[in-house]
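Working notes, beginning with the structure itself.
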Amino acid sequence: MSRPAGADRPVPRTYWIAGTAVLLALLFAAAATVAAASGGGSADPGSSASAAAPRTPGLRSPDAGFARDMAVHHQQAVEMSFIVRDRTQDEAVRTLAYDIANTQANQRGMLLGWLDLWGLPKVVADEPPMSWMGASGGHAGHDTAKPGALMPGMATKEELDRLGAASGRDAEVLFLQLMTDHHKGGVAMAEGCAQQCETPVERALAQGMVDAQRSELTLMEDMLRQRGAAPRG
């Protein structure tokens with residue numbers, strides 16, 4: 001019986017490094033959500049620190065803006081991962097796609113959960129994407145989004161359609177290229193929150209996203225090289 005295409009291809013060592021980073025980020029995110037739900041502190045009940053309620057982020061704060069924008073950004077990564085899962089039998093690509101979908105779906109739920117805890121909407125109609133980043137990357141970052149893409153790094157509808165129509169190596173290469181772009185945009189946004197967000201657990205979660213996605217960027221570059229391709233641009 002013939003083996004699926006790519007079944008004999010060795011999984012690069014960086015896969016295990018990235019997988020560990022993803023797992024650690026996911027575990028931290030779970031702990032962060034519990035901390036946020038409980039107010040983020042463990043002061044003695046009789047202390048003045050515990051008597052003061054934790055400050056709730058404002059509607060247009062970096063904390064709320066990041067939660068809203070990254071939830072949208074993550075949703076597309078999950079969508080692309082599910083698409084490629086059905087377009088290839090390559091075990092390394094399918095495993096990476098599963099890890100990305102699982103991690104980012106969980107993180108997305110946490111981000112939306114924080115908005116619920118803060119009593120803030122998940123969508124603000126007149127808020128441009130990434131405007132919370134200000135001069136450090138908000139409007140400037142949004143200006144770098146390609147035509148048809150909501151935020152930097154995000155794929156267009158046409159690119160998603162191409163991925164859904166591709167198969168085998170073509171699907172693998174396109175997925176890895178699209179996800180590389182996606183991660184680069186996500187890292188820039190997460191770095192913005194790590195620097196600007198005031199909620200400690202959200203700021204730390206953002207840094208965890210930066211670390212994990214940088215590891216996956218290295219992994220995806222290796223996987224593209226194995227397939228005779230390279231990241232776009």
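The chain is numbered in sequence order, starting from 1.
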> Are Leu224 and Pro231 close enough that some pair of their side-chain heavy atoms sits under 4.5 Å apart?
Replying inline: yes

Here the pair of heavy atoms bringing Asp90 nearest to Ala92 is OD1-N, 3.1 Å

Exercise. Indicate if Val84 and Tyr98 have the same hydrophobic cluster label, given that clusters are the connected sets of ILVMFWY residues with side-chain heavy-atom separations under 4.5 angstrom.
Key: no

ask   = So, are Asp161 and Lys157 salt-bridged, with charged N and O less than 4.0 Å apart?
value = yes

Report task. Answer yes or no: is there a donor N or O on one side and an acceptor on the other, between the side chain of Ser131 and the main chain of Pro128, under 3.5 Å? Result -> yes

Between the CD atom in Glu172 and the CD atom in Gln89, the distance rounded to the nearest 0.5 Å is 10.0 Å

Residues 159-233 vs disulfide bond (SG atoms under 2.5 Å apart), sequence neighbours excluded, gives Cys193-Cys197

Heavy atoms of Ala190 and Val210 approach each other most closely as CB-CG2, 3.6 Å

Review point. Are Met220 and Leu96 close enough that some pair of their side-chain heavy atoms sits under 4.5 Å apart?
Key: yes

Residue set satisfying side chain to side chain contact (heavy atoms under 4.5 Å, CB included) with Ile83, at least two apart, ordered chain then number -> Glu79, Arg87, Leu163

d(Thr88 OG1, Leu174 CG) to nearest 0.5 Å is 12.0 Å

Contacts of Glu198 meeting side chain to side chain contact (heavy atoms under 4.5 Å, CB included) (sequence neighbours excluded), chain-then-number -> Arg55, Asp63

Review point. Checking side chain to side chain contact (heavy atoms under 4.5 Å, CB included) for the pair Lys146/Met154: CA distance, chi angles, key distance, verdict?
Key: CA-CA 8 Å; Lys146 65 186 129 182; Met154 292 187 70; over 6 Å; no

Contacts of Ala71 meeting side chain to side chain contact (heavy atoms under 4.5 Å, CB included) (sequence neighbours excluded), chain-then-number -> Arg108, Leu112

Between Met179 and Ala77 the two heavy atoms that sit nearest each other are CE-O, 3.6 Å

Disulfide bond (SG atoms under 2.5 Å apart) pairs touching residues 204-233, sequence neighbours excluded, are none

Sequence neighbours excluded, the answer for side-chain hydrogen bond (donor to acceptor under 3.5 Å, both in side chains) partners of Asp86 is none

Test item: Met130 and Pro152 side chains (from C-beta on) under 4.5 Å apart, heavy atoms | yes

TODO: Please report the C-alpha distance between Val72 and Val123 in whole Å, then the side-chain angles of each, then the deciding distance to 0.1 Å, and finally whether the side chain to side chain contact (heavy atoms under 4.5 Å, CB included) criterion is met.
DONE: CA-CA 10 Å; Val72 174; Val123 176; over 6 Å; no

Closest heavy-atom pair, Leu120 versus Ala64, reported as atoms and distance to 0.1 Å, is CD1-CB, 3.7 Å

Step by step, work out the salt bridge (charged side-chain N to carboxylate O under 4.0 Å, His left out) result for Asp222 and Arg227. CA-CA 9 Å; Asp222 288 344; Arg227 291 160 178 78; over 6 Å; no

**Request:** Verify the cluster assignment for Ile100 and Leu217: are they in a single hydrophobic cluster under the rule of side-chain heavy atoms below 4.5 Å apart?
**Result:** yes

Contacts satisfying salt bridge (charged side-chain N to carboxylate O under 4.0 Å, His left out) that involve residues 114-132 (not counting sequence neighbours) are Arg60-Asp126, Arg68-Glu127, Asp116-Lys122

Item to check | Full working for side chain to side chain contact (heavy atoms under 4.5 Å, CB included) between Val201 and Trp114 | outcome: CA-CA 10 Å; Val201 291; Trp114 284 339; 4.2 Å; yes

Tightest non-hydrogen contact, residues Gly186 and Met70, listed as O-CE, 3.5 Å

Value for CG (Leu115) from CE (Met110), rounded to nearest 0.5 Å, stands at 14.0 Å

What I want to find out is whether Arg162 reaches Glu158 closely enough, with some N-O distance under 4.0 Å, to be called a salt bridge. no

Ala155 meets the side chain to side chain contact (heavy atoms under 4.5 Å, CB included) criterion, sequence neighbours left out, with Gln76, Met80, Glu159, Leu160, Leu178

Rounding to 0.5 Å, atoms CD (Gln207) and CD (Gln195) come to a distance of 9.0 Å

Residues passing the salt bridge (Lys or Arg N to Asp or Glu O under 4.0 Å) test with Arg214, sequence neighbours excluded, are Glu191

Residue pairs meeting ring pair (Phe, Tyr, Trp, His ring centres under 6.0 Å), one or both in residues 58-97, sequence neighbours left out, come to Phe66-Trp132, His73-His182

Residues 65-131 vs disulfide bond (SG atoms under 2.5 Å apart), sequence neighbours excluded, gives none

The complete set of salt bridge (charged side-chain N to carboxylate O under 4.0 Å, His left out) pairs with one or both residues in residues 176-186, sequence neighbours excluded, reads Asp181-Arg232

Under the side chain to side chain contact (heavy atoms under 4.5 Å, CB included) rule, what do Gln213 and Gln104 come out as? Steps first, then yes or no, please. CA-CA 11 Å; Gln213 291 193 25; Gln104 297 205 16; 3.6 Å; yes

Heavy-atom distance under 4.5 Å between the side chains of Asn102 and Val78, does that happen here?
no

Note: Gly192 and Met133 closest approach over all heavy atoms is CA-CE, 4.0 Å

ask   = Below 4.5 Å, heavy atoms only, C-beta onward: do Thr199 and Pro57 meet side chain to side chain?
value = yes

